[in-house]
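Let me begin by presenting the structure, written as structure tokens, before commenting on it.
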Amino acid sequence: MALPYTHHYDLSFSALNLKKFGSSHLQPICCLRCNSSVSSSPFTEKHSLQRYQRDQWVYNNNNQQRSSLSCDDEAASCSVPADSDSIRLNDITLQLPELRKLLQVLKHKRESCGGQVPKNGLGDVFLVGTGPGDPDLLTLKAVKVIQKADLLLYDRLVSNAVLDLVGPDARLLYVGKTAGYHSRTQEEIHELLLSFAEAGATVVRLKGGDPLVFGRGGEEMDFLQQQGIQVKVIPGITAASGISAELGIPLTHRGIANSVRFLTGHSRKGGTDPLFVAENAADPDSTLVVYMGLSTLPSLAEKLIHHGLPPDTPATAVERGTTPQQRMVFAELKDLADKIKTAELVSPTLIIIGKVVALSPFWPQSLTEASRLVEV
């Protein structure tokens with residue numbers, strides 16, 4: 001079935017290298033992925049039953065898949081193939097028929113609206129930041145856009161509580177990434193955004209935190225603008241701001257921290273070692289906030305101390321900050337990695353390093369330490 005915009009993302013098997021996945025090879029969703037053990041997470045985990053129930057519309061082309069979405073917890077524990085790439089490609093193959101159908105429906109809807117259609121016939125794309133997880137931290141503008149969208153492409157770290165605000169007629173599609181499993185490549189996300197914008201749809205790209213802070217929003221904006229698509233960015237409260245406020249940590253404080261620096265704990269494939277900045281970041285008068293840094297913290301802490309940051313610098317690690325499942329550990333920098341390991345913190349975990357951490361009421365010696373810092 002040909003689509004209107006075959007020069008971009010034609011949503012065909014060949015476009016996604018899916019020739020080896022004929023319809024006879026499709027496996028029921030429940031037997032592929034459903035995992036009830038992640039139900040306690042405030043976010044959309046990669047193989048959770050909740051994810052497939054939320055995105056049920058995109059699997060409706062097959063009665064077997066539709067019925068499997070109502071499987072109970074016992075059925076949700078079925079086996080998962082070891083090849084994560086095969087899971088990903090099979091998942092995309094299952095979704096293609098309904099994605100094609102939705103493209104045609106939205107295109108027809110816009111064409112039938114008469115004067116309401118923009119002159120160029122193109123829809124709008126919104127890059128929306130949803131904050132660190134607490135839905136009360138959403139901006140009013142974000143809520144309005146979420147509720148009027150035709151299609152929402154959402155990441156793993158968009159909380160379930162935020163997704164509950166989506167309008168009843170909208171379609172949700174998970175495009176999240178986690179270590180070892182990308183439901184969509186970045187290029188495929190670009191082409192999905194483009195295809196639906198060209199069909200005249202209102203497309204919302206939901207991202208945890210702020211879309212332009214370690215969210216690859218800049219890449220998506222640049223790609224779409226080069227294709228002539230208007231992109232509007234709605235900022236969100238980045239994790240550094242939301243979580244530090246939750247813990248009572250001022251990221252800057254006169255006489256204690258005169259600057260704040262955001263770091264990423266990992267690099268893109270083939271990129272420069274993200275820890276090379278440690279030499280310049282080891283400033284005792286600055287606050288460091290590390291995103292995605294669980295695996296590299298031991299090495300980062302060692303390098304920061306080597307380059308002059310005191311080993312007893314206050315630090316904290318916060319898992320799932322601002323959500324009901326929030327957990328945190330406080331320790332001196334030299335001990336933080338061990339404390340994280342003991343507590344078995346998992347992603348997403350934000351790390352804050354600096355003297356301002358001792359101003360938090362959760363710091364073990366908060367009153368004494370805060371008084372001493374202010375006096376100094």
Side-chain angles (χ1 to χ4, degrees), residues 41-46 48 51 54-55 123-167 170-179 181-194 196-197 201-225 229-243 262-266 268 289-293 320-323 347-350:
S41 172
F43 303 110
T44 303
E45 302 303 337
K46 58 184 178 182
S48 66
R51 168 198 162 185
R54 181 182 292 127
D55 295 3
D124 290 323
V125 175
F126 294 87
L127 301 183
V128 178
T130 62
D134 182 353
D136 289 340
L137 296 179
L138 280 172
T139 65
L140 291 174
K141 191 171 186 179
V143 173
K144 291 176 182 177
V145 168
I146 287 171
Q147 292 179 339
K148 73 175 185 179
D150 294 312
L151 176 69
L152 301 99
L153 306 182
Y154 65 100
D155 281 344
R156 175 197 168 216
L157 297 184
V158 177
S159 70
N160 297 321
V162 169
L163 293 173
D164 288 341
L165 300 174
V166 171
R171 293 289 184 264
L172 283 156
L173 182 64
Y174 179 74
V175 293
K177 303 184 182 80
T178 189
Y181 181 79
H182 290 186
S183 64
R184 285 290 199 281
T185 66
Q186 191 61 41
E187 292 72 21
E188 288 165 357
I189 293 172
H190 290 173
E191 297 295 348
L192 278 168
L193 291 168
L194 178 61
F196 282 95
T202 298
V203 186
V204 171
R205 179 72 172 97
L206 291 179
K207 293 175 173 288
D210 184 274
L212 302 183
V213 178
F214 300 131
R216 304 192 72 170
E219 297 173 44
E220 295 171 3
M221 181 169 58
D222 181 58
F223 171 81
L224 291 168
Q225 288 176 339
I229 304 297
Q230 182 178 5
V231 180
K232 299 176 182 177
V233 180
I234 299 178
I237 295 179
T238 189
S241 297
I243 293 174
F262 296 169
L263 307 177
T264 174
H266 69 78
R268 63 186 177 88
V289 182
V290 185
Y291 292 71
M292 302 168 285
R320 298 169 174 173
T322 77
T323 74
S347 173
T349 291
L350 189 80

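Positions are given from 1, in the same order as the sequence printed here. The analysis underlying the following values was restricted to heavy atoms, covering all of them including side chains, and did not include hydrogens, waters or symmetry mates.
N160 has its side chain within reach of R54: a pair of non-hydrogen atoms, C-beta onward, lies under 4.5 Å apart. By the 4.5 Å heavy-atom criterion applied to side chains, L152 and V166 are counted as neighbours. When side chains are defined from C-beta on, T44 counts as touching Y174, because their heavy atoms get closer than 4.5 Å.
For the side chain to side chain contact (heavy atoms under 4.5 Å, CB included) criterion with V125, the lone passing option out of V203, V233, T202 is V203. Results of the side chain to side chain contact (heavy atoms under 4.5 Å, CB included) test with Y154 over V162, I146, L163 single out L163 as the only residue that passes. Checked options V158, V175, L206; the residue passing with L153 is V175 (criterion: side chain to side chain contact (heavy atoms under 4.5 Å, CB included)). Residue R156 forms a side chain to side chain donor-acceptor pair (under 3.5 Å) with just one option from S183, S41, S347, and that option is S347.
Under the ring pair (Phe, Tyr, Trp, His ring centres under 6.0 Å) criterion, Y291 pairs with F214, F262, sequence neighbours left out. For R320, there are no salt bridge (charged side-chain N to carboxylate O under 4.0 Å, His left out) partners two or more places apart in sequence or in a different chain.
For the atom pair T185 OG1 and E191 CD, the distance stands at 9.0 Å (nearest 0.5 Å). Distance check: F196 CZ to L151 CG gives 5.5 Å after rounding to the nearest 0.5 Å. Going from atom CD1 of I189 over to atom CG of L194 covers 13.5 Å, rounded to the nearest 0.5 Å.
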>> Does R205 form a salt bridge (Lys or Arg N to Asp or Glu O under 4.0 Å) with D155? I'd like the steps, not just the answer.
In response: CA-CA 8 Å; R205 179 72 172 97; D155 281 344; 2.9 Å; yes
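Nearest approach of D124 to Q230, heavy atoms of both residues: OD1-OE1, 3.6 Å. Nearest approach of L138 to T130, heavy atoms of both residues: CD2-CA, 3.5 Å.
Using a cutoff of 4.0 Å between basic side-chain nitrogens and carboxylate oxygens, E220 and K207 are scored as salt-bridged.
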